[in-house]
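Structure first, commentary second.
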Amino acid sequence: MDIAVRKTGDVTIVDFKGRLAIGVSDTILPRVVGEILGEGGTKILLNLSDMDYIDSNGLGELVQVYRESQRKGASLRLLKPQDRVTKTLRLTNLLPMFSVYESEAEALKAFGS
């Protein structure tokens, strides 16, 4: 798994490539989001367009960072999860928990409102 962090205005975008799964991610997502929150970031967009697989461990990490963001008063949203990831989120009834956007421009605009 590769993760890159970039900023667009006051929104921190975390770009994923690969799989969010046990033995692959090794709690990297909570660490990265924790650093963003620690630096005072309050708008976090997780770009899942290049994430091709998520397992139960990855789902747990996603829920963990969502809840931590909520506790810190931050907003965490998802950008363009692939069909396989969306299907997994839907089957586990986690999809309604997240605000999901199909384009980066749409997500950035929504953070502004």
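Basis for what follows: all heavy atoms, side chains included, without hydrogens, waters or symmetry-related copies.
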With rounding to the nearest 0.5 angstrom, report the [atom1] to [atom2] distance, [X] to [Y].
X     : Y     : atom1 : atom2 : result
Ile44 : Ile36 : CD1   : CD1   : 5.0 Å
Leu62 : Asn57 : CG    : CG    : 11.5 Å
Leu48 : Ile54 : CG    : CD1   : 7.0 Å

Could you give all pairs that pass the side-chain hydrogen bond (donor to acceptor under 3.5 Å, both in side chains) test and reach residues 83-99, with sequence neighbours left out?
-> none
Which is it for Leu29 and Leu46 under the side chain to side chain contact (heavy atoms under 4.5 Å, CB included) test, yes or no, and what are the steps along the way?
-> CA-CA 10 Å; Leu29 177 59; Leu46 302 181; 4.2 Å; yes
Is it possible for you to say whether Val63 and Tyr53 belong to one hydrophobic cluster, with membership spreading through side-chain heavy-atom contacts below 4.5 Å?
-> no
Is it possible for you to say whether Phe111 and Leu79 belong to one hydrophobic cluster, with membership spreading through side-chain heavy-atom contacts below 4.5 Å?
-> yes
Distance-minimising heavy-atom pair for [X] and [Y]:
X     : Y      : value
Leu78 : Leu45  : C-CD1, 3.9 Å
Pro81 : Val100 : CD-CG1, 3.6 Å
Gly41 : Ala74  : O-CB, 4.0 Å
Leu76 : Ser69  : CD1-OG, 3.5 Å
Gln82 : Ser49  : NE2-O, 2.9 Å

Arg71 with Glu68: basic N within carboxylate O range, under 4.0 Å | yes
Might you work through the side chain to side chain contact (heavy atoms under 4.5 Å, CB included) test for Leu59 and Leu89, ending with a clear yes or no?
-> CA-CA 8 Å; Leu59 290 170; Leu89 289 168; 3.6 Å; yes
Residues in side-chain hydrogen bond (donor to acceptor under 3.5 Å, both in side chains) with Tyr101, at least two apart?
-> Arg77
Could you pull out every donor-acceptor pair under 3.5 Å between side chains of residues 1-10 and any protein atom, sequence neighbours left out?
unit_1	atom_1	unit_2	atom_2	d
Arg6	NE	Asp15	OD2	2.6
Arg6	NH1	Glu104	OE2	3.1
Arg6	NH2	Asp15	OD1	3.2
Arg6	NH2	Glu104	OE1	2.7
Asp10	OD2	Lys43	NZ	2.8

